[in-house]
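First up is the structure itself, then whatever we jot down about it.
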There are 2 protein chains.
Amino acid sequence: MSPRAIRLDVLVVLLTIQGGALKTLLTRADDAHWALPSGAPAYDEPMRRAAERVVSDQLGARVDYLEQLYTFGNIVPPEGGQRVVEVSYYGLVPPELVRIPAPDGAKRRGARELAWFAEPDQPELVGDHALVTQVARRRLRGKLAYSAVGFELLPDEFTLSELRSLYEIILGKAIDKRNFLRKIRDLGIVEPTGSTRRNPRGRHAELYRFRPEVFKSIAAKGDILAF
Amino acid sequence: MSPRAIRLDVLVVLLTIQGGALKTLLTRADDAHWALPSGAPAYDEPMRRAAERVVSDQLGARVDYLEQLYTFGNIVPPEGGQRVVEVSYYGLVPPELVRIPAPDGAKRRGARELAWFAEPDQPELVGDHALVTQVARRRLRGKLAYSAVGFELLPDEFTLSELRSLYEIILGKAIDKRNFLRKIRDLGIVEPTGSTRRNPRGRHAELYRFRPEVFKSIAAKGDILAF
DNA sequence: GGAATAGTGTCTTTCAGACAATATGTT
DNA sequence: AACATATTGTCTGAAAGACACTATTCC
């Protein structure tokens, strides 16, 4: 291969909420390192589709929310190495897809070990992957205030406690219950489904669903979900 | 060249304020089309540096603000074409650098015709470049509320009318003078230089300069420059 | 004096923040 | 009854929005 050849690679940072923490999906690279799921786009395959394929190969499921994050164009050392262009995407998956290993294990190509890691427990990552996960978490935090990304991390039906907990986890601070509910209700972006979630200990919680139309109609007004 | 070869290209969307409009720098591609300034990174050259080089080749000056925008990975038709990975950047230039052609014309490589275009006057662009300029304008509008990008489009010393006009142009709506000034002053992010700008007709205006330190100390608080 | 641009203050409404008690379900 | 979780309302301070007149300079 000529020294000027370029390798194109797609990286995916999958994020989910699990056990009260925001976690990232990693695959084992070697004894000491883990890595973000990645893959090379097939000939003629759009990069976004390659990212979707990486996700479904690993999780055995499709991801609803997937967005391009940043492109890194490092030259592999030593000098004279190949240039690797890494186009990173980040995706959000609701808790029901978090089962690891993937349900249909046979689908996974390159069957390496897979696990979800919270930030403080994260092992050492190869290359610049640690940086990429930082950028993804920052981006999610930033979008929380002016977009509906938060709802992508919840199942279709959720309780308002779950919603608030999600904001607390991602923003890393406590939010007053009453002020949070007032704002969500005043905005009208959720509606009750009528059913409740049984609670093993304590009062049952009303279930709600997100109303994308309402959100869209008011989304232009800046940080409507700022807490 | 093998059909699987990848071509890497860096695109730059340069934006400036001129004549009461937000304008984009374009170069003539052929009789009917214009294009964004672009270039291929040299062997071993980081992509960002390639973007800076594209700017200085065209403008004969360095740009202070340059940020990666989005990466497009289209396959050139017809089928079987080469994949072109276009990494786009957007840059903001203050009005004193807007002179076209560049002061030292000799520096420009590939001496094609250059011009600044406001959105409504924009000619037809090659490939997906029209989309890229849209994304850049949207990004700028989005960042206006929570970052100091606005000041990158002004000279070091500016009047508060110029600052307000800039926000009005980019946001596309009128802003009340008094409310605008109250907010800017209360934030303390500008300081008077002591001198004034002579006005050919009408009262002279006080000149101000931006205070980055003050901005940084309050920047975490969300949309502090929302109007 | 007229025309052009710069600069200034108040009132009202809306939104954010602080704060605690009651209701419903399980064991 | 004890415990756990869900749900609800008020007060206060800060910021946003609406609104009109005076000041300076040039001709």
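Chain letters run A, B, ... following the sequence lines, proteins first, then strands; residues in each count from 1. Remember, predicted model here, so these are calculated numbers, not experimental data. Values below: every heavy atom of this structure, side chains too, minus hydrogens, waters and symmetry copies.
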Can you name the salt bridge (charged side-chain N to carboxylate O under 4.0 Å, His left out) partners of B:Lys216, sequence neighbours left out?
none

Partners meeting salt bridge (charged side-chain N to carboxylate O under 4.0 Å, His left out) with A:Arg182 (sequence neighbours left out):
none

Expected output is a numbered-order residue list: members of residues 211-227 of chain A with a heavy atom under 4.0 Å from any atom of DNA chain C. What is it?
none

Under 3.5 Å, is there a donor-acceptor pair between the side chain of [X] and the main chain of [Y]?
X        : Y        : answer
B:Arg137 : B:Leu22  : yes
A:Arg141 : A:Gly172 : no
A:Ser88  : A:Tyr70  : yes
A:Ser147 : A:Leu144 : no
B:Lys23  : B:Ala115 : no

Side-chain donor-acceptor pair under 3.5 Å between A:Tyr65 and A:Glu67, yes or no?
yes

Is it the case that B:Thr159 and B:Ser161 place a side-chain donor and acceptor less than 3.5 Å from each other?
no

side-chain contact (heavy atoms from CB on, under 4.5 Å) partners of A:Ser165, counting only residues at least two apart:
A:Ile169

For A:Asp64, side-chain contact (heavy atoms from CB on, under 4.5 Å) partners two or more places apart:
A:Glu152

Pair listing, ring-ring contact (aromatic ring centres under 6.0 Å, His included) test, anchored in residues 126-147 of chain B, at least two apart
none

Could you list the donor-acceptor pairs under 3.5 angstrom formed between side-chain atoms of residues 117-127 of chain B and any protein atom two or more places apart in sequence or on another chain?
{"unit_1": "B:Glu119", "atom_1": "OE2", "unit_2": "B:Gln134", "atom_2": "NE2", "d": "3.0"}

Side-chain polar contacts of residues 196-205 of chain B - donor-acceptor pairs under 3.5 angstrom, sequence neighbours left out - could you list them?
{"unit_1": "B:Arg197", "atom_1": "NH1", "unit_2": "B:Glu162", "atom_2": "OE1", "d": "3.2"}
{"unit_1": "B:Arg197", "atom_1": "NH1", "unit_2": "B:Glu162", "atom_2": "OE2", "d": "2.3"}
{"unit_1": "B:Asn199", "atom_1": "ND2", "unit_2": "B:Arg203", "atom_2": "O", "d": "3.2"}

Tell me whether the rings of B:Phe180 and B:Phe227 are parallel (<30°), tilted (30 to 60°) or perpendicular (>60°).
tilted

Give me the first and last nucleotide of DNA chain C, going 5' to 3', that has any atom under 4.0 Å from a heavy atom of chain B.
C:dA4 to C:dT10

Residues from residues 190-197 of chain A sitting under 4.0 Å of DNA chain D, heavy atoms only?
none

Quick check: on DNA chain C, is the nucleotide nearest A:Arg198 upstream (toward 5') of the one nearest A:Lys183, or the reverse? Name the residue that is more 5'.
A:Lys183

For the helix from C:dG1-D:dC27 to C:dT27-D:dA1, figure out the bend between the end axes, five pairs an end, and round to 10 degrees.
0°

Output one letter per nucleotide in nucleotides 3-12 of chain D: B when a protein non-hydrogen atom lies under 4.0 Å from the base, S when only the sugar-phosphate is that close, - when neither is.
-BBBBBBB--

